[in-house]
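To start, the structure under review is shown below, and the notes come after it.
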Protein chains: 2
Amino acid sequence: MARSTPPQDVFTAVAEPQRRQILTALASGERSVNELADLLQFRQPQTSKHLQVLKEVGLVDVRSLGQQRLYQLNGERLKVIQDWVEALEQLWTSRFKRLDTLLEHLQQTPSPVETLEGHGDAHE
Amino acid sequence: MARSTPPQDVFTAVAEPQRRQILTALASGERSVNELADLLQFRQPQTSKHLQVLKEVGLVDVRSLGQQRLYQLNGERLKVIQDWVEALEQLWTSRFKRLDTLLEHLQQTPSPVETLEGHGDAHE
DNA sequence: ATAATATATTCTTTTAATAGAATATACAAG
DNA sequence: CTTGTATATTCTATTAAAAGAATATATTAT
């Protein structure tokens, strides 16, 4: 029942290993369906199907050249993922400045000091 | 059958919207299971299950504090995703320098000249 | 030992994604 | 119009993930 409900978000699309391979193959340039299938040792229908998914979430674009369909990575869409990851990392990195949680625990536990050992970071 | 074959890679783990919410909630600091469940309006068992998945792929760490389990984002593991995205973007950005693919097509197709219109490339 | 709280696990059901095989469509060439 | 090549789609079967309910385990307090 894959066709009736295709992955709609970029994250789901990229969760598939074969689709990541396709994207990687496309990163260095435009390829036709059969080129991709040959290169990655996938069957043609599977390749087409994965490409449809990638197209639906905007990770690839297509253009027609005769009877071929040339697929191309759309790097812009990768930013959806990148932005999310970076936002998380921002928060994670700046978590040392927010001692709220830590202080909460300090009030509750006898000696949670060991938790901080080994970080070596300037935590304040 | 989710428990028997849990997602092993970071990409699959992150494909789940609720797990992304959990990670986002954890980005600003450590939280207990119930804190997360309350905050995100998830049920406790679901929350635990998602956390196990995240733990298995290394995206979160746990420590025990009394009867609570405090989960914490492991930002390092996010780099797996980030590195992959950035590698792709690198290639995508530098794709203009690599005309190999384009030249390949020139050799295979009879008159793909129309394809080149507007490019202004010297093709032989 | 019993009760209360916090979290984890198991089992079942439901839903969604993937593969495979077969077929359809599109375009080009003769 | 028939053939060949490239790609897309449909249908079915399989597999995997997720939700839900119930229960188990762990820790603390009484």
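Computation of the quantities below employed the complete heavy-atom set of this structure, encompassing side-chain atoms and omitting hydrogens, waters and symmetry-equivalent molecules. All of these numbers come straight from a predicted model, not from anything done at the bench. Throughout, a chain's letter reflects where its sequence line sits, starting with A, and its residues are numbered from 1.
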For this session: May I ask you to evaluate whether A/Tyr71 reaches the phosphate of D/dA8, defined as a side-chain N or O under 4.0 Å from OP1 or OP2?
Result: yes
For this session: Report yes if at least one side-chain N or O of A/Arg43 is closer than 4.0 Å to OP1 or OP2 of C/dG20; otherwise report no.
Result: yes
Exercise. Do the side-chain N or O atoms of A/Ser32 get closer than 4.0 angstrom to the phosphate oxygens (OP1, OP2) of D/dT7?
Worked result: yes
Exercise. What is the distance from atom CG of A/Asp38 to atom OG of A/Ser32, rounded to the nearest 0.5 Å?
Worked result: 8.0 Å
Exercise. Is there a donor-acceptor contact under 3.5 Å linking the side chains of B/Ser48 and B/Gln44?
Worked result: yes
Exercise. Does a nitrogen or oxygen in the side chain of B/Gln46 sit under 4.0 Å from OP1 or OP2 of D/dG20?
Worked result: yes
Problem set entry | Spacing of B/Lys49 atom NZ relative to D/dA22 atom C1', expressed in whole Å | 11 Å
Exercise. In whole angstroms, how far is the P atom of C/dA8 from the CG atom of B/Leu54?
Worked result: 12 Å
Exercise. With sequence neighbours excluded, what pairs up with B/Phe42 under the ring-ring contact (aromatic ring centres under 6.0 Å, His included) test?
Worked result: none
Exercise. With B/Arg63, which of B/Glu30, B/Gln68, B/Gln72 fulfils side chain to side chain donor-acceptor pair (under 3.5 Å)?
Worked result: B/Glu30
For this session: Tell me which of A/Ala15 and A/Pro45 sits closer to the 5' end of DNA chain C, going by the nucleotide each one is nearest to.
Result: A/Ala15
For this session: Look at B/His50 and D/dA19 and indicate whether a side-chain polar atom (N or O) is within less than 4.0 Å of OP1 or OP2.
Result: yes
Exercise. Above 12 or not: heavy atoms from other molecules or residues under 6.0 Å from CD of A/Gln90?
Worked result: no
Exercise. Between D/dA17 atom P and B/Asp9 atom CG, what is the distance in whole Å?
Worked result: 9 Å
For this session: Not counting sequence neighbours, which residues clear side chain to side chain contact (heavy atoms under 4.5 Å, CB included) with A/Val62? List them please.
Result: A/Lys55, A/Arg69, A/Tyr71
Problem set entry | Atom-pair distance (CZ on A/Arg31; P on D/dA6), nearest Å | 16 Å
Exercise. What integer distance in Å separates A/Leu36:CG from D/dA8:P?
Worked result: 10 Å
Exercise. Quick one: B/Gln44 CD to C/dT5 C1', roughly how many Å, whole number?
Worked result: 11 Å
For this session: Identify the two heavy atoms, one from B/Leu91 and one from A/Ser28, that lie closest to each other, and give their separation to 0.1 Å.
Result: CB-N, 4.5 Å
Problem set entry | Distance, rounded to the nearest Å, where A/Leu70 contributes CG and D/dA8 contributes P | 10 Å
Exercise. Can a side chain N or O of A/Asn34 be found less than 4.0 Å away from OP1 or OP2 on D/dT7?
Worked result: yes
Exercise. Donor-acceptor pair under 3.5 Å: do we get one between B/Gln52's side chain and the base of C/dA8?
Worked result: no
Pairs under 3.5 Å (N/O, protein and nucleotides 25-30 of chain D):
{"residue": "D/dT27", "atom": "O2", "partner": "B/Gln67", "partner atom": "OE1", "Å": "2.8"}

Problem set entry | Short side-chain N/O contact to D/dT5 OP1/OP2 from A/Gln68, under 4.0 Å | no
Exercise. At what distance, to the nearest 0.5 angstrom, does CD of A/Glu86 lie from NZ of A/Lys79?
Worked result: 9.5 Å
Exercise. Taking atom types as they are modelled, is there a donor-acceptor pair under 3.5 Å from the base of D/dA18 to the side chain of B/Glu16?
Worked result: no
Seminar exercise, completed: Here the distance between atom C1' of D/dT9 and atom CD of A/Glu56, to the nearest Å, is 13 Å
Exercise. Can you tell me if the side-chain N/O atoms of B/Gln18 get under 4.0 Å from OP1 or OP2 in D/dA19?
Worked result: yes
